2 protein chains.
Amino acid sequence: MPSTSPSGEVPARTKRADAVRNQQTLLTAAAEVFVTSGVDAPIREIAARAGVGMGTIYRHFPTRADLVVAVYRHQVEACAEAGPSLLAAADSPFAALRQWVDLFVDFLVTKHGLANALQSDSTGFEALHSYFLDRLVPVCAQLLDAAVEADEIRPGTAAYELMRGIGNLCVGRDSDPRYDPRRLVDLLLGGLRRAQPS
Amino acid sequence: MPSTSPSGEVPARTKRADAVRNQQTLLTAAAEVFVTSGVDAPIREIAARAGVGMGTIYRHFPTRADLVVAVYRHQVEACAEAGPSLLAAADSPFAALRQWVDLFVDFLVTKHGLANALQSDSTGFEALHSYFLDRLVPVCAQLLDAAVEADEIRPGTAAYELMRGIGNLCVGRDSDPRYDPRRLVDLLLGGLRRAQPS
DNA sequence: TTACGATACGGAGCAGTGTTCCGCTTTGTC
DNA sequence: GACAAAGCGGAACACTGCTCCGTATCGTAA
């Protein structure tokens with residue numbers, strides 16, 4: 001029986017373990033599906049990927065917007081945490097930056113989908129956007145600084161500017177095989193590199 | 001038999017009268033439905049409103065984008081032509097302006113839907129947008145000038161600025177009953193009026 | 001005016017998707 | 001171990017986009 005708090009307020013029931021697990025599974029599954037099929041991917045596809053029933057999705061995320069927002073937060077967090085660990089694990093700071101940007105581009109699919117999913121709630125969107133900036137700009141800056149420090153790239157590029165540039169490259173990626181944002185992002189990153197000594 | 005042109009090029013078959021009629025009917029019906037149900041309205045609804053079968057819509061406008069673009073052009077033209085005639089028919093230039101803006105707001109539904117319908121073709125969108133500006137800014141300017149001339153409104157408001165302001169008021173009108181753009185547009189128009197002599 | 005082929009029309013039917021609902025399973029607690 | 005509550009899965013329903021083809025209509029040439 002759930003313990004009643006002394007103040008008499010409604011007891012916060014502990015969530016069942018399987019529910020928590022499923023929620024996590026769904027978040028990562030949805031993120032993957034968003035990348036391959038866009039944020040408008042059929043619910044069935046996400047459910048299948050996560051290995052759960054559709055009812056489960058609707059219980060955790062009643063509307064598509066709920067799901068997209070949850071994935072968004074999840075991704076921001078994952079991206080933020082990935083920065084330092086990539087830096088520690090990769091061969092070089094620039095390699096870490098490259099890998100991080102790859103994650104970031106995946107994440108942008110969700111971010112851009114968010115605008116559509118939240119059409120009728122622009123204030124909520126603003127809040128999520130500034131959360132995104134506060135959390136990720138410092139991480140990106142750290143990666144850039146490290147690469148500069150290691151003399152792999154030229155100094156003088158701000159994290160915000162780079163992220164915004166990448167973000168802009170990734171708009172309008174709607175099933176047009178002639179436009180592959182990732183190629184251009186790679187070019188952009190190449191442009192950062194310090195000119196090789198001849 | 002269709003006459004063959006002297007140059008031997010493929011003869012331009014004269015379109016059947018009912019086909020032409022249906023195309024016109026469809027354009028006006030679609031415009032009306034777009035206003036009430038948005039540009040994502042079911043094809044069935046548009047077909048029903050126009051009193052034609054769905055096959056007819058798909059023959060004239062194979063994709064939704066085709067239909068939206070056609071309605072868009074049709075609306076720009078109608079809006080442009082409505083300016084002078086409203087000015088001639090209305091009680092006063094300001095009344096004409098008000099009626100014209102009402103048409104314009106209807107039209108904006110299509111215009112904003114266009115951005116979604118043409119996601120993968122931003123150059124095509126640019127072209128349609130400048131066509132829109134070239135055609136309508138002068139009409140709006142004429143209405144404004146006339147109202148200034150009649151001493152109904154204060155001078156100093158540019159047509160482009162007014163139109164853009166109205167356009168911005170009309171974004172995000174997605175089934176949120178708390179936000180009615182038309183109310184705000186009316187307020188804006190009220191703001192133009194010359195202060196009544198006390 | 002009539003007859004005939006080309007053109008256009010209507011809408012039934014198929015396929016895919018969102019959403020609900022309820023019988024069954026798992027979990028936590030006593 | 002037993003029981004109630006919480007959670008799960010997926011069949012079933014509703015709605016939509018889109019195709020296809022039998023039928024109706026139009027324009028033309030005799």
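Here is the naming used below: chain letters follow the sequence lines, and residue numbers restart at 1 for every chain. Since we're looking at a predicted model, the values are computed, not measured.
- Of the two residues near DNA chain D, Pro42(B) and Gly53(A), the one whose nearest nucleotide lies more 5' is Gly53(A).
- Taking a 6.0 Å sphere around CD of Glu161(B), one finds it holds 12 or fewer heavy atoms contributed by other residues, nucleotides or ligands.
- For Arg64(B), taking side-chain heavy atoms from C-beta onward, the closest of the listed nucleotides dG17(D), dG9(D), dT17(C) is dG17(D).
- Atom CG in Asp66(B) sits about 11 Å away from atom P in dC18(D), given to the nearest Å.
- Counting heavy atoms from C-beta outward, Ile43(B) and Tyr58(B) have side chains that approach closer than 4.5 Å.
- Listed nucleotides dT17(C), dG7(D), dT19(D) differ in distance to Tyr58(B); the shortest reach to its side chain belongs to dT19(D).
- Checking dC8(D), dG18(C), dC18(D) against the side-chain heavy atoms of Ala19(A) singles out dC8(D) as nearest.
- If you check dG10(D), dG28(C), dG9(D) against the side chain of Met54(A), the one that comes closest is dG10(D).
- The side chain of Asp18(A) approaches dT26(C) more closely than any other nucleotide in the set dA12(D), dG10(C), dT26(C).
- Ionic pairing of Arg182(A) and Asp180(A) is not present here: no N-O contact between side-chain nitrogen and carboxylate oxygen is shorter than 4.0 angstrom.
- Within the 4.0 Å cut-off from OP1 or OP2 of dA8(C), not a single side-chain nitrogen or oxygen of Asn22(B) is found.
- Between Arg21(A) and dT27(C) there is a side-chain polar atom (N or O) within less than 4.0 angstrom of OP1 or OP2.
- For the pair Leu67(A) CG and dG18(C) C1', the computed distance is 14 Å after rounding to whole Å.
- A straight line from CD1 of Ile57(B) to C1' of dA8(C) spans 14 Å, rounded to a whole angstrom.
- With distances taken from any side-chain atom of Ala17(B) to the nucleotides dC18(D), dG27(D), dT26(C), the minimum falls on dG27(D).
- On a pure distance criterion of 3.5 Å, a polar donor-acceptor pair joins the side chain of Arg44(B) and the base of dG13(C).
- Phosphate proximity of dG7(D) to His60(A): absent, as no side-chain N or O sits under 4.0 Å from OP1 or OP2.
- Of the candidates dA8(C), dC8(D), dG17(D), the closest approach to any side-chain atom of Lys15(B) belongs to dA8(C).
- Counting only heavy atoms from C-beta outward, the side chains of Leu86(B) and Leu103(B) approach each other to under 4.5 Å.
- Summarising the geometry, the separation between CD1 on Ile46(B) and C1' on dG10(C) is reported as 17 Å, rounded to the nearest angstrom.
- Using a 4.5 Å cut-off on side-chain heavy atoms (C-beta onward), Met163(A) and Phe132(A) make contact.
- Whole-Å rounding puts the Ile43(B) CD1 to dC15(D) P distance at 17 Å.
- Between Arg59(A) and dC8(D) there is a side-chain N or O to OP1 or OP2 distance below 4.0 Å.
- Nearer the 5' end of DNA chain D, as judged by each residue's closest nucleotide, is the contact made by Thr56(A), out of Thr56(A) and Asp40(B).
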